[in-house]
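Structure, as structure tokens:
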Amino acid sequence: QVQLVESGGGPVQPGGSLRLSCTASGFTLNDYTIAWFRQTPGEGREGISCISRTPGITFYTDSVKGRFTISRDTAKNTVYLQMNNLKPEDTAVYYCTTALRGLYCSAYGMGTGDSWGQGTQVTVSS
């Protein structure tokens with residue numbers, strides 16, 4: 001059974017940082033493109049970043065470019081989303097996702113996945 005698990009969310013003040021982690025059971029994250037999405041109440045899920053399987057191509061949506069960094073630790077089978085200079089508008093539930101058939105990720109855009117974690121809440125507030 002494929003399962004993704006996000007962690008690392010929590011409350012943070014504006015300008016602060018958090019690092020989200022995405023781990024997996026039932027498959028090896030290193031073998032798949034991984035994406036991060038976020039969702040606020042009443043809104044659809046927004047794709048914000050992805051990292052391809054190889055050669056590690058990354059994409060960031062404009063709203064997070066320059067502040068968020070996606071990376072892999074292959075030894076730990078984990079994908080991270082480092083979030084710096086957080087803003088109140090970054091408040092959302094953050095999800096990692098993949099697609100076992102393949103998830104599109106290029107320097108110009110990203111697709112969506114079909115396997116999702118349970119999400120982790122990020123709240124940016126003073």
Handout entry: Shortest non-hydrogen separation from Pro14 to Ser126 and the atoms involved
Key = CD-N, 3.6 Å
Completion exercise
What one should report as the nearest heavy-atom pair of Asn84 and Ser17 is OD1-OG, 2.9 Å
Nearest 0.5 Å, please: how far is [atom2] in [Y] from [atom1] in [X]?
X      : Y     : atom1 : atom2 : result
Asn30  : Asp73 : CG    : CG    : 8.5 Å
Leu29  : Lys76 : CG    : NZ    : 14.0 Å
Ile34  : Arg72 : CD1   : CZ    : 5.5 Å
Gln118 : Cys96 : CD    : SG    : 8.0 Å
Lys87  : Ser63 : NZ    : OG    : 8.5 Å

Donor-acceptor under 3.5 Å ([X] side chain, [Y] main chain):
X      : Y      : value
Thr33  : Arg53  : yes
Arg101 : Asp114 : no
Ser21  : Tyr80  : no
Ser106 : Tyr108 : yes

Practice task
List, by chain and number, the other hydrophobic cluster members for Phe59, where Ile, Leu, Val, Met, Phe, Trp and Tyr join if side-chain heavy atoms come within less than 4.5 Å, directly or indirectly.
Solution key: Phe37, Val93, Tyr95, Met110, Trp116
Are [X] and [Y] close enough that some pair of their side-chain heavy atoms sits under 4.5 Å apart?
X      : Y     : value
Phe27  : Leu4  : yes
Leu81  : Phe68 : yes
Leu20  : Glu6  : no
Thr23  : Asn77 : no
Ser125 : Pro11 : no
Met83  : Val64 : no
Thr91  : Arg38 : no

Under a 4.5 Å side-chain heavy-atom rule over Ile, Leu, Val, Met, Phe, Trp and Tyr, are [X] and [Y] clustered together?
X      : Y      : result
Ile48  : Leu103 : no
Tyr104 : Trp36  : no
Ile70  : Val5   : no

Handout entry: side-chain contact (heavy atoms from CB on, under 4.5 Å) assessment of Thr120 paired with Ser7
Key = CA-CA 6 Å; Thr120 185; Ser7 62; 5.6 Å; no
Problem - Where at least one partner belongs to residues 34-75, residue pairs that pass disulfide (SG to SG under 2.5 Å), sequence neighbours excluded - result: Cys50-Cys105
Handout entry: Qualifying residues under salt bridge (Lys or Arg N to Asp or Glu O under 4.0 Å), relative to Arg67, sequence neighbours excluded
Key = Asp90
Practice task
Would you sort out whether Leu100 and Tyr32 count as a side-chain contact (heavy atoms from CB on, under 4.5 Å), showing the intermediate values?
Solution key: CA-CA 7 Å; Leu100 299 186; Tyr32 294 92; 3.8 Å; yes
